[in-house]
Q: 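Below is the structure I would like to discuss, written out as structure tokens.
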Amino acid sequence: MISDTSDSSSDSDLGGRSGSSSSSPSPHAPSPPPPLPSANSPSIVDSSSWVEGAIIVGAGPAGLAVAACLKDRGVPSIVLDKANCIASLWQQRTYDRLHLHIAKQYCELPLLSFARDVPQYPTKNQFIDYLHDYARHFEIQPLFDRCVVAATREQSGDRSLWRVETVDKRRGVREEFRSRWLVVATGENGAERIPEDLRPGLDRFQGTVLHSSQYRNGKPFKGQRVLVVGCGNSGMEIALDLLNHGAQPSIVVRSPMHILPREMFGRSTFAVAMSLMKLLPLRVTDKLLVMYATLALGNTTKYGILRPSTGPLETKAKFSKTPILDMGTFRKIRSGSIKVMPCMGKIDREGVYFENGRYESYDSIILATGYKSMVCSWFKDDGNYFSRDGFPKSGWNCDKGLYAAGMSRQGIFGVSKDAKHISDHIYDDFNFIERKKTNSIVNFKMMMK
């Protein structure tokens, strides 16, 4: 519920799914849109609204999950997002052949399961359809095209309030929302991450340079020599997609990593790991996973892919580095169809020098170097609640009235846990305040008798 002190319209549609682009990539990035005003730029707030429930920033899986859990408990909320649709990362910045890498039961949001006819590993479009169904089911109507430029804490008597300032990109006006509860649900993937050591060389390279967020499929790269930089799940799958479309891909492995088969004994590897963790210590589970992976895939070191000294689950827990769940790429690496390259040295106009002294020429470079959180660009806290890389310092419960959803580095699986914790916490606080209001009204009526 919103109390608005001015005439302000809201967006009630869920946003259409954007079609995937198959046009040839450009070697030059598109011109950026005009910059939005910063939090410090002089301006007049055109509207100010009090939100009875929670303000949720982000209409991706995390924001939708929190809104649904709150609604189920009878707590109102509003959802703000700078994009023009829900789950903009999935709709606008993912490649065509993307599938979920873990089984669907571990990717469901709270209170609503996938349809029975959805396969065990949903496609990108099937997951997007699920998110649309989820938003419709819980009647979640985000306010789109709201770019948050500042979120600050204010003290009101003995309680803290959160003030969120946005720019409505459609109308070009600034809005202010205030509430007792703020949920940061913009996720871990706010903007493309390009390692600083690569930037100078990329400026010299005369071929096509794309971040994986711009990659749709391998059709435009047919016949090209393509270097994929980054060997996470996206990089490995993009390399396979390029090969399937007639390109000649190589992939840079910059550090040791674990590769696991996607399934073990006919079950999702993730499901097997979760079952083992209930019975065995983490390190014992890790040893079993690595033993099975070695039997199924062979010795990855022979092909230039070293395994970390810590096991896959321990590596994820300590360093937030997700193991690769192989979709068939490693078989192509073993056959020599996809080349593994060591760390890059110098990039020149036509190719790359590698740290082993080898030089290779390429037509295109695709940067599967991941994403970064952008929370610190708009959340003003002087480092009290969020670290410099934009992640919460204390998990989902940052402080009284401040929460972070989907930022636990546990993927979609972690989103559901965060949403349940946050909704329970806000519900208790909301109920306490509502009871105080009711008691105050009753006392007032008794005094008036």
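Since this is a predicted model, take the numbers as computed values, not measurements.
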Q: Would you name the heavy atoms of Pro323 and Leu260 that are closest together and state the gap between them?
A: CB-CD1, 4.1 Å
Q: What I want to check is whether the side chains of Lys316 and Thr322 have a donor and an acceptor closer together than 3.5 Å.
A: yes
Q: Under 30°, 30 to 60°, or over 60°: which ring-plane class applies to Phe430 and Trp181, parallel, tilted or perpendicular?
A: tilted
Q: Are there over 12 heavy-atom neighbours, none belonging to Lys287, within less than 6.0 Å of that residue's NZ?
A: no
Q: Looking only at atom types and distance, does a side-chain atom of Asp418 sit under 3.5 Å from a main-chain N or O of Gly406, one as donor and one as acceptor?
A: yes
Q: Give the ring-plane orientation class for Tyr403 versus His425, where under 30° counts as parallel, over 60° as perpendicular and anything between as tilted.
A: perpendicular
Q: Under 6.0 Å from the OH atom of Tyr292, do we count more than 12 heavy atoms belonging to anything else shown?
A: yes
Q: Would you list the atom pairs, donor with acceptor, under 3.5 Å between side chains in residues 62-75 and any protein atom, with sequence neighbours excluded?
A:
unit_1, atom_1, unit_2, atom_2, d
Lys71, NZ, Phe138, O, 3.1
Lys71, NZ, Glu139, OE1, 3.3
Arg73, NH1, Asp424, OD1, 2.4

Q: Around atom CZ of Arg199, are there more than 12 heavy atoms from other residues, nucleotides or ligands closer than 6.0 Å?
A: yes
Q: Determine whether Arg146 and Val148 make a side-chain contact, defined as any pair of heavy atoms from C-beta on separated by less than 4.5 Å.
A: no
Q: Please list, one pair per line, the donor and acceptor atoms closer than 3.5 Å that link side chains of residues 365-376 to other protein atoms, with sequence neighbours excluded.
A:
unit_1, atom_1, unit_2, atom_2, d
Thr369, OG1, Arg193, O, 2.5
Ser373, OG, Val375, N, 3.3
Ser373, OG, Gly390, O, 2.9

Q: Please give me the minimum heavy-atom distance between Ala273 and Thr285, naming the atom from each residue.
A: O-CG2, 4.2 Å
